[in-house]
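Read the structure below first, then the notes.
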Amino acid sequence: MTSLVLRGVRPYGEDPTDLEITDGVIAAIGSDVDTGGAEVRDAGGLVALPGFVDLHTHLREPGREDTETIDTGSAAAALGGYTAVFAMANTDPVADNAVIVEHVWRRGREVGLVDVHPVGAVTVGLNGEQLAELGTMARSQARVRMFSDDGRCVADPLLMRRALEYSTALDVVVAQHAEEPRLTVGAQAHEGEQAARLGLAGWPAVAEESIVARDCLLARHTGARLHICHVSTAGTAEILRWAKAQGIQVSAEVTPHHLLLDDERLSTYDPVNKVNPPLRTAADTKVLREALAEGVLDCVATDHAPHAPQDKDCEWSGARPGMLGLQTALAVVVRTMVEPGLLDWRGVARVLSERPAEIAGLPDQGRPIDVGEPATLTLVDPDARWTVRGAELASIAANTPYEGMELPGRVVTTLLRGRVTAHDGEVHA
Ligand code: DOR
């Protein structure tokens, strides 16, 4: 039996205790655990949370290994406290068939730092015209549980209806990138005063909200479960509140950047701030934080989107949208939600681990910190302050919008089924 004792750890930020891990499982909790023969680690003062689950990660493999690979993305995930990530389908070639999703799944297992779950595309080649073979991907070795054309919206209502119908039969979830494409042609920034001042073509809130409203009604009509990616507007939160009150089975994620950053940052025209959906107004971020605290928004998902320097260090209109997120998510949640008193550590566990695991149907992630449960854990130093440096992050790309920013809360250790995958800034493969 291989045992590890974490001494003085604070589950969910509560009183310090010792936690014994044997063969990947939490074997005992309390002040009197038997340390005989075990490796003992001092975890005094560290908050223990269930390992984080990211429903929205771009790992870029296959196709853009110059910006991220399953290897480097897994390292960034483990260092960020993640034990499971969902790898989006907008790779090259697109993950719209069993061969690609099995490749991603297998590489994830070989790297072994985090459970990598491939997301399958809803439509062939993300073309929005023909449904991909959802059943084949769901039944493949990779057992695809989530389908999304993320990066693009499934705009055709009939295709979306069919995808939702199939998803119920397969017991999977469709995650929509809500963006009515006719309303965002040429869009560069949130449509509002700031975009007008800067002379950037607007991406109106209604382009998101109209699709969210439509898809909630389609979810009601089909009885399917629906997930909304990267919610960015106050209006979307209002629609979701209404839909949930009707009993419609809809869940939603918000990104760290939409909780912290707003379109005031665009005044420098630095494309590091370009993202899709765009940074909205300070009034939106306030409503998104409150909606997350209330549970109208279910979870935080990073939309970790690595890009090459030539696609970011260029003029605004030519830059690709997206920003890194895996290694900064916890700190941004502490800054936006914990420090202002909107979430306690139980709440952090809910939005970063428990709800995303439930939404995706992962049986062994997001579990309670309890005897007999998998030792899949993240240990956080709640008092640490650190300065973000893109060049020091594990991703190949360095496009972080938090460059030079001091943030609170640091992931110290990540454990996947009892194995330390990251500790003190180093990964352990
Ligand atoms: O900003 C974004 N970048 N939003 C998306 O939906 C796609 C992503 C990417 O793939 O770069």
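Whatever order the structure lists them in is the order used to number ligands and atoms, beginning at 1. By convention here, the first residue in the shown sequence is residue 1.
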For this session: Show your reasoning for whether side-chain contact (heavy atoms from CB on, under 4.5 Å) applies to Lys274 and Trp316.
Result: CA-CA 8 Å; Lys274 185 172 177 179; Trp316 182 277; 3.8 Å; yes

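The nearest protein atom to atom 8 (C) of ligand 1, hydrogens excluded, is given as His58 NE2, 3.6 Å; this is a heavy-atom distance. The closest protein non-hydrogen atom to atom 11 (O) of ligand 1 is Arg60 NH2, 2.7 Å. Among all protein heavy atoms, the one lying closest to atom 10 (O) of ligand 1 is Asn90 ND2, 2.8 Å. The protein heavy-atom contact nearest to atom 3 (N) of ligand 1 is Pro321 O, 3.0 Å.
Listed by number with element, the atoms of ligand 1 under 4.0 angstrom from any heavy atom of His230 are 6 (O). Taking every non-hydrogen atom of His177 and a distance limit under 4.0 Å, the qualifying atoms of ligand 1 come out as 6 (O). Each of the atoms 11 (O) of ligand 1 lies under 4.0 Å from some heavy atom of His307.
No side-chain donor from either of His304 and Asp54 sits under 3.5 Å from a side-chain acceptor of the other. Checking Asp262 against Thr281 by side-chain atom types alone, no donor-acceptor pair falls below 3.5 Å.
With salt bridges taken as basic N to acidic carboxylate O contacts below 4.0 Å, one links Arg417 and Asp364. Using a 4.0 Å cut-off between charged side-chain N and carboxylate O, Glu354 and Arg367 make no salt bridge. With respect to the salt-bridge test (charged N to carboxylate O, under 4.0 angstrom), the residues Glu238 and Arg241 do not qualify. Salt bridge status for Asp311 with Arg64: present, with a side-chain N to carboxylate O gap under 4.0 Å.
When non-hydrogen atoms are compared, ligand 1 lies under 4.0 Å from neither the backbone nor the side chain of His257.
Assignment of Arg152 to the shell around ligand 1 is not supported, since no heavy atom sits closer than 4.0 Å.
Inclusion of Val275 in the set of residues having an N or O under 3.5 Å from an N or O of ligand 1 is not warranted. In terms of N/O distances under 3.5 Å, ligand 1 is approached by Gly322.
Relative orientation of the Phe86 and His117 rings is parallel, given thresholds of 30° and 60° on the angle between their planes.
Taking each of Asp149, Thr67, Asn276, Asn399 in turn, the one with a heavy atom nearest to atom 2 (C) of ligand 1 proves to be Asn276.
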